[in-house]
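Values below: every heavy atom of this structure, side chains too, minus hydrogens, waters and symmetry copies. Count residues from 1 along the sequence.
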Amino acid sequence: MKNLIPKALCKGETIGLISPSSHCAYPVKIGQAISYLETNGYRVKLSSHLNRIDTDPAVADREKLHDIHEMFSDPDVRAIFCLRGGAGSARLLNQLDYTLIAANPKILAGYSDITALSLALYAKTGLVSFSGPMAATELYAPTPYTEEHFWGMLTSPSYAHSITNHSAHPISAIKKGSAEGQLIGGNLSVLSAMIGTPFLPLFNDTLLFLEDINEPAYRIDRMLSHLSNAGLLARCCALLFGQFSSEPLEPGEAERVKNIFDYYSTLNPDATALSGLSYGHIRDLMTIPIGARFRVSVTASGSFTLGALEPVIAT
């Protein structure tokens with residue numbers, strides 16, 4: 001399937017806010033995010049059911065689907081930002097109007113539970129979306145690094161040619177080398193639960209990037225073994241492990257996670273592998289375009305390059 005590349009976002013254009021996952025328990029952050037976006041020169045449109053809470057999944061899904069379709073069909077909305085992650089977006093995948101979305105390709109930004117939505121849109125339409133900051137979790141008060149990567153990726157066609165890791169996140173070369181392929185990934189828990197569904201993209205020649213939060217080592221092991229047993233890790237040409245944050249960190253847990261990454265990286269002898277990517281539930285967050293073709297390189301010392309081989313945003 002040919003990639004659908006959304007148009008770059010320009011000052012003065014409208015950003016739509018949706019909440020396809022959990023609601024935000026701190027509405028003040030929504031207001032701060034709106035102010036931040038408006039201060040940066042954009043208009044903001046709130047979806048009809050933004051941050052609504054309904055304990056009936058049928059009602060909640062109906063409202064979320066309405067808002068997604070509303071934003072993709074609105075010609076004035078040029079980008080769609082998710083409010084936050086949490087849970088719930090996977091329930092929407094069977095009911096999304098993929099024909100409508102394919103006919104109106106535009107920027108979609110979000111990560112964590114939004115992984116399900118992004119991967120499904122890519123699998124069904126080829127739409128490149130952006131796994132990165134969300135309105136009520138980062139954009140209400142973003143760090144300089146998060147800002148630079150996010151706006152650079154969404155507004156400048158040349159920005160993705162070379163993206164850098166944050167200095168606080170040293171890269172560790174598990175297996176040195178270089179590879180080219182499509183960036184596929186996101187939250188490990190969400191992605192692993194999509195195996196066996198028609199909403200997971202093909203993994204052939206994939207640069208697989210992964211992150212998770214508050215998952216102990218044994219559960220990370222279980223999920224990676226699921227990917228391995230499904231034959232997906234063997235198809236990847238690179239494994240890019242981001243931040244697997246957990247608080248508080250149990251004694252020896254970091255070493256156990258490291259050993260797990262090392263183990264699964266050895267199962268594919270031809271794949272480049274690294275850990276430490278500035279991607280995950282962290283303040284200094286990289287924005288990664290899902291489905292875009294990139295090249296990654298890492299040396300034994302951890303010297304690292306990551307850059308796009310084709311446009312991720314259109315002029």
Salt bridge Lys45-Asp76, side-chain N to carboxylate O under 4.0 Å: no
Ring-ring centroid check Tyr140 Tyr26, cutoff 6.0 Å: no
Worked check of side chain to side chain donor-acceptor pair (under 3.5 Å) between Ser303 and Ser301: CA-CA 6 Å; Ser303 177; Ser301 64; 5.4 Å; no
Basic-acidic side-chain contact under 4.0 Å: Glu255, Lys258: no
Leu119 side chain reached by Val190 side chain, heavy atoms, under 4.5 Å: no
Whether Phe81 and Trp151 hold their rings parallel, tilted or perpendicular, with breakpoints at 30° and 60°: tilted
Side chains of Ser278 and His169, donor plus acceptor under 3.5 Å: yes
Side-chain heavy atoms of Pro198 within contact of Lys124, under 4.5 Å: yes
Ser167 vs Tyr145, side chain to side chain donor-acceptor pair (under 3.5 Å): CA-CA, chis, key distance, verdict: CA-CA 10 Å; Ser167 58; Tyr145 176 90; over 6 Å; no
Side chain to side chain donor-acceptor pair (under 3.5 Å) evaluation trace for Thr146 with Arg283: CA-CA 7 Å; Thr146 299; Arg283 291 282 292 149; over 6 Å; no
Check: Phe209 ring centroid to Phe294 ring centroid under 6.0 Å: no
Any donor-acceptor N or O pair under 3.5 Å, side chains Thr137, Tyr111: no
